[in-house]
Number of protein chains: 2
Amino acid sequence: MGQDHHGHDHGHDHTPASKEERMENARRVCQQHGERFTPLREHIFGLLIEADGPIKAYDLLDLLRPEHGSPKPPTVYRALEFFTRLGLVHRVEALNAYITCDHMHDGHSAEFFICETCDRVQERHAHDHSECIPKGFVIKRSVIEHYGSCVDCTAAAA
Amino acid sequence: MGQDHHGHDHGHDHTPASKEERMENARRVCQQHGERFTPLREHIFGLLIEADGPIKAYDLLDLLRPEHGSPKPPTVYRALEFFTRLGLVHRVEALNAYITCDHMHDGHSAEFFICETCDRVQERHAHDHSECIPKGFVIKRSVIEHYGSCVDCTAAAA
DNA sequence: CCTTGTTTGCTATAACATAGCGTTGTTTTG
DNA sequence: CAAAACAACGCTATGTTATAGCAAACAAGG
């Protein structure tokens, strides 16, 4: 099973887990939460993994269609809500899109770097902002998304 | 909601502008950009100021209605796009809402602290993340929104 | 088996946003 | 000034994103 357990990976670099590993991880997280990793959820999570980047709910719905008959929006949104609740998927707010989460966020928020040229997304643990939050403000959840150009696309443009 | 006792800024580099000042500022920024501050735009900007916090496009549309006959969505969205382009309004992504901007962001992004109890929003200049961005990534725009409980609401809950 | 709660499918509708076209009004220019 | 060019606005229509609510199927435990 996992020779690469993401256990408490506080490194800042992306851990490139294989698709199988990501699926296994999802299954394990579900079990740990006493939730069911049903065939439908597995199917949808697989599509999210295959997307390998942010994907929109209705695009997911289209991908689901061939094997699934004629799924309706709630089918997808329910799964997305489920995975989001477990921290397995994040919503990218400014894209109205969803993306699998490879990190263990032990109380950390995710921070995304989104290349608008190649559409690739890098996820990090959010940097600690504690110095600059308003006095007494208690943060429950943060949305941190940076849009721009990744190193490759910047180089290619030059 | 009159002028609240919070202020919108904690001794940062910025002045808590009155509504008149904010309107004047908008007018000036338009002029500086060679854009027209038309009666419609003034009306809509006034509603945004009065909202004194994030407001949704269709709520704005409702507020516009009494004086304006029967405005359609594009009327509001065009104005919002216009103000956003000039940096006078920000979109709060995770709320699908819009809020006037009191700061001069000379190349800085805005950072919002949104109290989910009282719905008040504090805006700051974004903290500098330069240490923790992926190597070579060039940020064009950042979305930084923190959701939680402001000092008053935290105190009130205790 | 029976009860309880969860998951799924479905219809319907709500909420958010833009495309595109014609008209009006302002600015520019010959 | 007149004509051309452009910006702003109103409107119809449609596209996109997301949820409410109900009934059937299904799992889990006594």
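Within the nucleic acid shown, A/P71 has no heavy atom closer than 4.0 Å to any nucleic acid atom. Using a 4.0 Å heavy-atom cutoff across all strands shown, A/F82 reaches no nucleic acid atom at all. Nucleic acid contact for B/E81: none, since no nucleic acid atom lies under 4.0 Å from a heavy atom of the residue.
In this structure, A/I55 atom CD1 and D/dT17 atom C1' are separated by 14 Å, rounded to whole Å. Between the CG atom of A/L40 and the P atom of D/dA27 there is a distance of 14 Å, given to the nearest Å. In this structure, A/L86 places its CG atom 15 Å from C1' of C/dT7, rounding to the nearest Å. Between the CG atom of B/L61 and the P atom of D/dG10 there is a distance of 11 Å, rounded to whole Å. Taking atom CZ on B/F37 and atom P on D/dC9, their separation rounds to 11 Å, with Å as the unit. If you measure from atom CD of A/E93 to atom C1' of D/dT17, you get 12 Å, rounded to the nearest angstrom. Residue B/R91 contributes atom CZ, which lies 9 Å from atom C1' of C/dA17 at whole-angstrom precision. One atom, CZ of B/F83, and another, P of D/dA8, lie 11 Å apart when rounded to the nearest Å.
Residue A/S70 places no side-chain N or O under 4.0 Å from the OP1 or OP2 atom of C/dG9. For B/Y77 and C/dA17, the shortest distance from a side-chain N or O to OP1 or OP2 is below 4.0 Å. Taking side-chain N and O atoms only, A/R78 has no distance below 4.0 Å to OP1 or OP2 of C/dT7. Distances shown here put a side-chain N or O of B/K56 below 4.0 Å from the OP1 or OP2 atom of C/dC16. Dashed line: the shortest gap from a side-chain N or O of B/T75 to OP1 or OP2 of D/dG10 is under 4.0 Å.
When distances are taken from the side chain of B/R41 to each of C/dG9, D/dA18, D/dC9, the shortest belongs to D/dC9. Taking the side chain of A/A57 as heavy atoms from C-beta on, and the options C/dT7, D/dA18, C/dA19, the nearest nucleotide is D/dA18. Comparing D/dC11, D/dA20, C/dT6 by their closest approach to the side chain of A/R36 singles out C/dT6.
Under a cutoff of 6.0 Å and an axis angle of 45°, A/R41 and A/F83 do not form a cation-pi pair.
For the residue pair B/R141 and A/Y147, no side-chain donor N or O sits within less than 3.5 Å of a side-chain acceptor on the partner. A/H146 and A/E111 share a donor-acceptor pair across their side chains, judged by distance under 3.5 Å alone.
Rounding to the nearest 0.5 Å gives a distance of 4.5 Å between CD of B/E123 and NE2 of B/H90. The CG atom of B/L88 lies 9.0 Å from the OG1 atom of B/T100; values are rounded to the nearest 0.5 Å.
Both A/H68 and A/Y58 sit near DNA chain C, but only A/H68 has its closest nucleotide nearer the 5' end. Judged by closest nucleotide on DNA chain D, B/T38 is the one of B/T38 and A/Y98 placed further toward the 5' end.
In terms of heavy atoms, B/F113 sits closest to A/C132 at CZ-O, 3.9 Å.
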